[in-house]
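Every heavy atom of this structure was used, including side-chain atoms; hydrogens, water molecules and symmetry mates were not. Note that the structure is a prediction, hence the values are computed from the model and not measured.
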Amino acid sequence: MAVMGMAGEMLLTPFGALIAGFLVGLISPLGFRFFTPVLHSKLKIQDTCGVHNTHGLPGVLGALLGTLLTLLATADTFGYRLELLFPLVAQGSRTATDQASIQLSALPLTLLLATLGGWITGTVLKINVPRCCPAARHKESPGLREVAEEGSEPSASEKEELGISTLV
């Protein structure tokens with residue numbers, strides 16, 4: 001699941017990881033139970049593979065968790081890793097609150113791009129494009145003929161159509 005997308009590089013204790021995993025284990029089935037019917041009935045969105053609940057909701061949770069961990073980013077909590085994760089915060093040119101708001105602002109942009117990509121994909125898939133020329137659609141294929149009864153030999157014309165050599 002995608003809960004650790006933003007928060008994966010941050011200092012997260014084993015207990016914090018356990019809580020994050022528990023929340024994802026809770027949010028994903030609840031999304032299937034309560035949110036998927038709303039998406040289908042109100043917005044006419046069909047999530048046949050459950051991508052929204054498996055990746056979307058945990059990803060939003062990961063972004064919120066990453067924002068929370070960014071708010072808590074101090075030299076005391078992150079130690080030497082603060083400069084690796086948030087160099088501008090470590091240098092003092094940006095506060096932890098500013099960094100958290102920047103990280104949180106990435107969430108609506110990500111959701112917008114995901115929605116736009118899904119809409120474009122759905123629109124392209126709804127286009128009725130002929131897969132082959134109309135004349136070839138109705139042409140009989142030799143592979144779709146009835147099978148001869150067991151023990152009988154195909155005729156010479158059937159052998160030619162099937163590509164069977166008549167020279168034995």
Side-chain angles (χ1 to χ4, degrees), residues 1-10 12 16-71 85-86 98-168:
M1 304 228 186
V3 71
M4 298 312 291
M6 185 187 299
E9 294 234 355
M10 298 182 181
L12 193 62
L18 186 67
I19 290 173
F22 172 76
L23 289 175
V24 167
L26 187 66
I27 197 171
S28 189
L30 288 175
F32 275 109
R33 174 70 175 96
F34 297 109
F35 200 57
T36 298
V38 171
L39 285 176
H40 183 65
S41 65
K42 304 283 185 209
L43 301 175
K44 305 293 186 233
I45 295 174
Q46 296 179 3
D47 186 15
T48 56
C49 297
V51 174
H52 176 265
N53 299 310
T54 306
H55 299 285
L57 290 178
V60 169
L61 181 65
L64 296 176
L65 179 63
T67 302
L68 175 68
L69 290 174
T70 305
L71 278 173
L85 295 173
F86 307 114
D98 292 339
Q99 182 67 38
S101 64
I102 290 169
Q103 296 213 190
L104 186 61
S105 67
L107 180 61
L109 178 64
T110 303
L111 294 175
L112 175 71
L113 291 175
T115 304
L116 183 64
W119 179 78
I120 289 171
T121 302
T123 302
V124 168
L125 289 176
K126 286 181 182 177
I127 296 173
N128 190 10
V129 178
R131 304 291 186 240
C132 62
C133 61
R137 240 186 269 167
H138 304 291
K139 189 175 180 181
E140 189 176 333
S141 173
L144 300 176
R145 293 182 183 253
E146 291 185 26
V147 178
E149 289 188 32
E150 197 172 316
S152 64
E153 285 290 319
S155 67
S157 63
E158 289 175 338
K159 285 183 181 181
E160 184 178 317
E161 285 182 17
L162 293 174
I164 300 173
S165 174
T166 53
L167 300 173
V168 179

Legend entry - pair L43-V38: side-chain heavy atoms closer than 4.5 Å: no
Inset, instruction - Please name the pair of heavy atoms, one in G50 and one in T54, separated by the smallest distance, quoted to 0.1 Å. - result: O-OG1, 2.8 Å
Inset, instruction - Compare every heavy atom of L107 with every heavy atom of A63, then report the nearest pair and how far apart it is. - result: CB-CD1, 3.8 Å
Legend entry - ring pair (Phe, Tyr, Trp, His ring centres under 6.0 Å) partners of residues 23-52, not counting sequence neighbours, each pair once: F35-H52
Inset, instruction - Identify, with sequence neighbours excluded, every residue that meets side chain to side chain contact (heavy atoms under 4.5 Å, CB included) alongside L116. - result: W119, I120
Legend entry - Side-chain (T121) to main-chain (G118) donor-acceptor, under 3.5 angstrom: no
Inset, instruction - Give, for atom CG of L26 and atom CG of L30, the distance between the pair rounded to the nearest 0.5 Å. - result: 4.5 Å
Legend entry - Atom pair CG/CG of N53 and L39 - distance to nearest 0.5 Å: 7.5 Å
Legend entry - Identified side-chain contact (heavy atoms from CB on, under 4.5 Å) partner of L69 from the options L71, L65, T67: L65
Inset, instruction - Please confirm whether the backbone N or O of G25 pairs with a side-chain atom of S28, one donor and one acceptor, at under 3.5 Å? - result: no
Legend entry - Sequence-distant partners of V51, side chain to side chain contact (heavy atoms under 4.5 Å, CB included), two or more places apart: D47, C49, H55
Inset, instruction - Determine the minimum heavy-atom distance between I27 and L57, stating which atoms define it. - result: O-CD1, 4.0 Å
